[in-house]
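Excluded from the calculations below are hydrogen atoms, water molecules and symmetry mates; all remaining heavy atoms, backbone and side chain alike, are included. Heads up: numbering here begins at 1 and tracks the sequence.
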Amino acid sequence: MDYTQWARDTFKDDTYATEITGIVIDKAVDGTSVCSLEIGEKHLNADDHVMGGVTFTIADLAFAVAANVGELTTVSINSSISFIGVAKGKKLIAEGKTIKSGRSTCTVSVDVHDEIGTKVAYAVFTGMRVR
């Protein structure tokens, strides 16, 4: 089932990610997600590269969408991110994939890259089902 509109409606009040940062939920289907961000001046650090916090934020939203589609409300209880490259394109894309979905916890991996395929980060999140 395609949960994309459900995810957009559910996370629209996550104003830091969606309004301030400008992340868009492109796809939410059966434990997976795709989120994207048009890179702008406000996303860059002093060295003219996307700030690590921006990269983490898009990874975090991709986790939240993938972990919550068709599931009980799920929140992150642990996360790890490895920054592995610098975006060379004009768009960041985060793809979340549920690795394990249990009764009370889940594990989601997130790959972050740009639109030309440059790998930017890899993250793993552990989520807890809260209701």
Side-chain angles (χ1 to χ4, degrees):
M1 177 176 203
D2 188 340
Y3 289 94
T4 303
Q5 191 57 52
W6 172 88
R8 289 175 181 152
D9 293 341
T10 299
F11 292 100
K12 74 179 184 298
D13 292 331
D14 189 342
T15 56
Y16 181 76
T18 59
E19 290 182 29
I20 295 170
T21 308
I23 300 167
V24 175
I25 298 169
D26 297 312
K27 185 177 178 183
V29 179
D30 299 326
T32 65
S33 65
V34 178
C35 297
S36 64
L37 165 72
E38 295 292 333
I39 300 169
E41 290 292 318
K42 70 181 181 178
H43 302 114
L44 304 180
N45 61 21
D47 200 31
D48 260 356
H49 299 295
V50 176
M51 293 182 64
V54 173
T55 303
F56 183 83
T57 300
I58 195 171
D60 185 53
L61 186 60
F63 151 75
V65 173
N68 280 282
V69 290
E71 293 289 349
L72 299 172
T73 300
T74 304
V75 298
S76 174
I77 57 173
N78 189 48
S79 61
S80 173
I81 189 166
S82 295
F83 299 97
I84 53 179
V86 176
K88 294 178 178 24
K90 298 182 185 296
K91 186 175 189 178
L92 271 188
I93 301 163
E95 299 185 44
K97 181 180 179 185
T98 301
I99 298 168
K100 171 75 169 129
S101 182
R103 187 176 49 81
S104 58
T105 63
C106 67
T107 303
V108 175
S109 66
V110 180
D111 288 305
V112 182
H113 54 87
D114 63 19
E115 82 281 10
I116 58 176
T118 308
K119 295 180 186 300
V120 176
Y122 177 77
V124 176
F125 291 81
T126 302
M128 180 177 69
R129 312 273 189 222
V130 294
R131 55 178 175 131

message: Taking Thr74's backbone N and O only, do any of them form a donor-acceptor pair with Asn68's side chain (distance below 3.5 Å, no angle check)?
response: yes
message: Whether the side chain of Ser33 engages the backbone of Ala62 through a donor-acceptor N/O pair (distance < 3.5 Å, no angle test) should be reported.
response: yes
message: Has Thr21 got a side-chain atom pairing as donor or acceptor with Tyr16's backbone, closer than 3.5 angstrom?
response: yes
- prompt: When clusters are formed by joining ILVMFWY residues with side-chain heavy atoms under 4.5 Å apart, either directly or through shared neighbours, do Leu92 and Leu44 land in the same one?
  reply: yes
- prompt: Quick one: does Thr4's side chain have a donor or acceptor within less than 3.5 Å of a partner on Ala28's backbone?
  reply: yes
Pairwise distance CD1(Ile58) to CD1(Ile23) - rounded to 0.5 angstrom: 5.0 Å
query: Quick one: do Ile39 and Phe83 end up in the same hydrophobic cluster if we chain Ile, Leu, Val, Met, Phe, Trp and Tyr together by side-chain heavy atoms under 4.5 Å apart?
result: yes
field: OG1-CE distance between Thr57 and Met51, expressed to the nearest 0.5 angstrom
entry: 9.5 Å
query: Is there a side-chain contact (heavy atoms from CB on, under 4.5 Å) between Val34 and Ile93 once you walk through the steps?
result: CA-CA 7 Å; Val34 178; Ile93 301 163; 3.9 Å; yes
Side-chain donor/acceptor of Asp114 to backbone N/O of Lys88, under 3.5 Å: yes
field: Trace of the side-chain contact (heavy atoms from CB on, under 4.5 Å) decision for Arg103 with Arg129
entry: CA-CA 7 Å; Arg103 187 176 49 81; Arg129 312 273 189 222; over 6 Å; no
message: Side chains of Asp14 and Leu61, heavy atoms from C-beta outward: is any pair under 4.5 Å?
response: yes
message: Please tell me whether Ile25 and Trp6 are part of a single hydrophobic cluster in this structure, the criterion being side-chain heavy atoms less than 4.5 Å apart.
response: yes
Within 6.0 Å of NZ in Lys42, more than 12 heavy atoms from elsewhere: yes
- prompt: Does one hydrophobic cluster hold both Val108 and Val29, with members joined at side-chain heavy-atom distances below 4.5 Å?
  reply: no
message: Is the ring pair Phe56/Phe125 parallel, tilted or perpendicular, if the boundaries are 30 and 60 degrees?
response: tilted
message: Go through it in stages, so that I can follow the logic: the residues are Ser79 and Phe63, the test is side-chain contact (heavy atoms from CB on, under 4.5 Å), and I'd like the CA-CA distance, side-chain angles, deciding distance and then a yes or no.
response: CA-CA 10 Å; Ser79 61; Phe63 151 75; over 6 Å; no
message: Is there a path of hydrophobic side-chain contacts, each under 4.5 Å between heavy atoms, that joins Ile81 and Val112?
response: yes
field: Test log, rule side-chain contact (heavy atoms from CB on, under 4.5 Å), inputs Ser101 and Glu71
entry: CA-CA 9 Å; Ser101 182; Glu71 293 289 349; 3.3 Å; yes
